[in-house]
Amino acid sequence: MDPRFTDLLTPFLKFLGDREITADSPLRELGLDSMQAIEVLFALEETFDMTLPDDDMNDATFATAGSLWAAVSAARADQHPAANETASAA
């Protein structure tokens with residue numbers, strides 16, 4: 001997961017404490033509510049220059065940090081394929 005992703009999530013997870021965000025971190029249990037999920041969505045879309053598809057606006061996507069990161073990564077790959085090819089070549 002990109003450090004910008006975990007840095008962006010941290011303020012929304014009021015029960016995270018001093019733990020590190022991992023792919024298995026349960027976002028709802030760590031304090032992310034539905035209103036904050038919308039704020040996180042907007043921040044992710046701005047930070048990573050992508051839009052999550054409507055199909056990804058569900059509880060499964062926002063279940064864990066890993067599931068949310070997978071959706072963000074997939075959206076980035078779909079919307080910016082040239083950037084991903086450049087990153088893979090580096």
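Residue numbers count from 1 along this sequence.
In this pair, Phe5 and Trp69 present their aromatic rings tilted. The plane angle is within the 30 to 60° band.
In plain terms, the two heavy atoms of Met1 and Thr22 that are nearest each other are CE-C, 3.5 Å. Across all non-hydrogen atoms, the minimal contact from Ala71 to Thr61 is CB-CG2, 3.7 Å. Of all heavy-atom pairs spanning Ala75 and Pro53, the tightest one is CB-CD, 4.3 Å.
By the 6.0 Å contact criterion, CD on Glu29 is open, its count of non-hydrogen atoms from other residues, nucleotides or ligands being 12 or less. Around atom CG of Asn58, more than 12 heavy atoms belonging to other residues, nucleotides or ligands sit under 6.0 Å away.
In the hydrophobic cluster analysis, where Ile, Leu, Val, Met, Phe, Trp and Tyr join through side-chain heavy atoms closer than 4.5 angstrom, Ile21 is grouped apart from Phe15. Leu8 and Met57 fall within the same hydrophobic cluster, defined by Ile, Leu, Val, Met, Phe, Trp and Tyr side-chain heavy atoms under 4.5 Å apart, directly or through other members.
A distance of 9.5 Å separates CG of Asp2 from OG1 of Thr47, quoted to the nearest 0.5 Å. To the nearest 0.5 Å, the span separating CD on Gln36 from CG on Asp33 amounts to 4.0 Å. Separation of atoms CG (Leu41) and OG1 (Thr51) is listed at 8.5 Å; rounding is to 0.5 Å. Of the inter-residue distances, the one linking Gln79 atom CD with Asp49 atom CG reads 8.0 Å to the nearest 0.5 angstrom. Leu44 contributes atom CG, which lies 10.5 Å from atom CZ of Arg4 (distance to the nearest 0.5 angstrom).
Looking at Leu30, Thr64, Leu68 one by one, the single match for side chain to side chain contact (heavy atoms under 4.5 Å, CB included) with Ser25 turns out to be Leu30.
Within the 4.5 Å cutoff, the side chain of Met50 has no heavy atoms near those of the Asp78 side chain.
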May I have the step-by-step check of side-chain contact (heavy atoms from CB on, under 4.5 Å) for Arg28 and Asp59, ending in yes or no? CA-CA 9 Å; Arg28 299 290 185 208; Asp59 287 337; 3.8 Å; yes
